[in-house]
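These notes concern the structure reproduced below.
Read the numbers this way: they start at 1 and go in the same order the structure lists the ligands and their atoms.
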Amino acid sequence: MSKLRVAVLGAKGRIGSEAVKAVEAAEDMELVAALGRGDTLETLAASGAQVAVELTTPDSVMANLEYCVGHGIHAVVGTTGWTEDRLEKLKGWLAASPGTGVLIAPNFSIGAVLTMKFAQLAAPWFESVEVVELHHPNKVDAPSGTATRTAQLIAAARRDAGTPPAPDATTTALDGARGANVDGVPVHAVRLRGLLAHQEVLLGGEGETLTIRHDSLHHSSFMPGILLGARRVGSAPGLTFGLEHFLDLS
Ligand SMILES: NC(=O)C1=CN([C@@H]2O[C@H](COP(=O)(O)OP(=O)(O)OC[C@H]3O[C@@H](n4cnc5c(N)ncnc54)[C@H](OP(=O)(O)O)[C@@H]3O)[C@@H](O)[C@H]2O)C=CC1
Ligand SMILES: O=C(O)C1=N[C@H](C(=O)O)C[C@H](O)C1
């Protein structure tokens with residue numbers, strides 16, 4: 001059987017360099033290109049890549065995806081920075097390139113995907129809910145893509161269930177003290193040397209609390225999800241948002 005031809009964008013980065021090794025080690029894949037900043041995207045088409053794994057930066061991801069989708073190259077995207085405007089633009093490119101698939105995964109680790117699922121399930125049952133994400137200090141964006149997605153899923157679950165807003169008597173606060181407001185859910189971002197990627201969802205009700213915590217201790221935690229995404233994205237034309245859709249968890 002012929003191998004899946006995979007390219008990695010952001011190949012010298014923290015997660016991209018790990019993805020290069022994972023693709024090289026996968027028996028059903030061939031690494032056909034490994035691009036860093038400044039490398040020409042024409043290498044992608046010339047390499048015959050079927051799937052591009054996009055692990056760059058929020059300022060680079062859109063141009064890379066426009067090229068990939070325009071050339072019928074499926075994409076598995078871990079890069080953060082997704083807004084409604086950006087998603088709409090991407091959907092427009094995909095509409096003009098039927099058959100091409102893009103997976104955007106706010107988090108590729110199974111534990112993080114399950115954290116989001118568990119949080120969604122628990123959210124309507126507690127009066128209060130807040131999200132705390134903790135990352136290495138080299139991360140350029142805050143809050144993390146995972147925390148943003150988690151808060152959005154929590155907010156939707158509470159809206160659907162008719163759960164009232166969480167109680168909060170704060171009348172005076174230093175800027176930022178109550179975190180960022182993501183769809184009504186406070187999200188707090190910690191940056192600390194020694195950490196990689198961690199998240200807690202704190203839920204509180206009368207006389208009880210529930211904490212859902214996930215820790216990525218090494219970039220290897222993201223690799224099975226990336227490889228799964230690369231194998232599946234070609235059979236999922238259009239936009240898939242969240243790895244849970246390829247894990248039958250949606
Ligand atoms: N979804 C998930 O599970 C995960 C997502 N991430 C996300 O992935 C992204 C990368 O994270 P991380 O590896 O820590 O960041 P790094 O800064 O370590 O890596 C990004 C790499 O991309 C390179 N780059 C920038 N622009 C381009 C371009 N146009 N073409 C090719 N390469 C480019 C950068 O080069 P230079 O240094 O020269 O700028 C750098 O080497 C972030 O958005 C992060 O949040 C990270 C881990 C897991
Ligand atoms: O930058 C990181 O490191 C990570 N980024 C993603 C995010 O913003 O959610 C995924 C994971 O948290 C690691």
Side-chain angles (χ1 to χ4, degrees), residues 7-22 33-44 47 49 52-68 73 75-83 86 102-116 119 131-153 180 182 187-201 213-230 233 240-244 246-247:
V8 176
L9 302 177
K12 295 189 180 123
R14 280 177 290 271
I15 183 169
S17 53
E18 196 71 25
V20 163
K21 288 188 265 173
L35 273 60
R37 192 190 281 275
D39 290 341
T40 170
L41 286 170
E42 294 308 326
T43 309
L44 283 184
S47 71
V53 177
E54 217 291 350
L55 301 166
T56 63
T57 53
D59 65 338
S60 294
V61 64
M62 292 305 281
N64 288 342
L65 288 182
E66 184 174 18
Y67 180 92
C68 289
I73 300 169
V76 171
V77 183
T79 306
T80 45
W82 289 99
T83 59
R86 285 181 163 217
V102 172
L103 165 69
I104 297 175
N107 203 303
F108 287 111
S109 90
I110 180 71
V113 174
L114 287 172
T115 298
M116 289 186 253
V131 176
V132 185
E133 57 95 332
L134 310 90
H135 279 82
H136 58 89
N138 303 104
K139 184 166 177 56
V140 295
D141 55 318
S144 69
T146 308
T148 302
R149 182 66 178 154
T150 306
Q152 289 167 342
L153 292 171
V182 179
V187 179
H188 310 269
V190 176
R191 296 290 173 263
L192 205 67
R193 182 67 66 206
L195 296 182
L196 178 51
H198 317 258
Q199 178 165 286
E200 287 191 354
V201 180
R213 180 174 171 113
H214 174 255
D215 299 277
S216 265
L217 305 171
H218 190 270
H219 279 99
S220 54
S221 62
F222 305 114
M223 296 307 127
I226 289 178
L227 297 182
L228 173 75
V233 70
T240 302
F241 198 95
L243 188 67
E244 61 274 19
F246 288 175
L247 294 167

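For ligand 2, the protein residues placed under 4.0 Å by at least one non-hydrogen atom are Thr80, Pro106, Asn107, His135, His136, Lys139, Ser144, Gly145, Thr146, Ala197, Phe222.
Contacts between Asn64 and ligand 1, counted as non-hydrogen atom pairs separated by less than 4.0 Å, involve the side chain only. Of all the heavy atoms of Pro106, the ones lying under 4.0 Å from any atom of ligand 1 belong exclusively to the backbone. The side chain of Phe222, and not its backbone, has at least one atom closer than 4.0 Å to an atom of ligand 1 (non-hydrogen atoms only; side chain from C-beta on). Under 4.0 angstrom from ligand 1, the non-hydrogen atoms of Thr79 come from both its backbone and its side chain.
Counting protein heavy atoms only, atom 9 (C) of ligand 1 is closest to Thr56 O, 3.2 Å. Scanning the protein for heavy atoms near atom 23 (C) of ligand 1, the closest one is Gly10 CA, 4.0 Å.
Annotation: side chain to side chain contact (heavy atoms under 4.5 Å, CB included) contacts of Ile15 (sequence neighbours excluded): Leu55, His219, Phe222, Met223, Ile226. For Phe108, there are no ring pair (Phe, Tyr, Trp, His ring centres under 6.0 Å) partners two or more places apart in sequence or in a different chain. Taking the side-chain hydrogen bond (donor to acceptor under 3.5 Å, both in side chains) definition, one finds that Arg213 meets it with Glu200, Asp215, sequence neighbours left out.
The heavy atom nearest to atom 30 (N) of ligand 1, considering only Gly13, Ser60, Gly36, Ala112, is found in Gly36.
By the 4.5 Å heavy-atom criterion applied to side chains, Glu244 and Met116 are not counted as neighbours.
Ligand-side atoms of ligand 1 in range of Leu35: 31 (C), 32 (N), range being under 4.0 angstrom from any heavy atom. For ligand 1, the atoms closer than 4.0 angstrom to any heavy atom of Lys139 are 45 (O).
When only interatomic distances are considered, the shortest N/O to N/O separation between Ala105 and ligand 1 falls below 3.5 Å.
Considering all non-hydrogen atoms of both residues, Leu35 and Ala33 come closest at CD1-CB, 3.7 Å. Nearest approach of Val233 to Ala75, heavy atoms of both residues: CG2-O, 3.6 Å.
Using a 4.0 angstrom heavy-atom cutoff, Gly145 does not count as in contact with ligand 1.
Test Val77, Thr240, Val61 against Ile104 for side-chain contact (heavy atoms from CB on, under 4.5 Å) and you get one pass: Val77.
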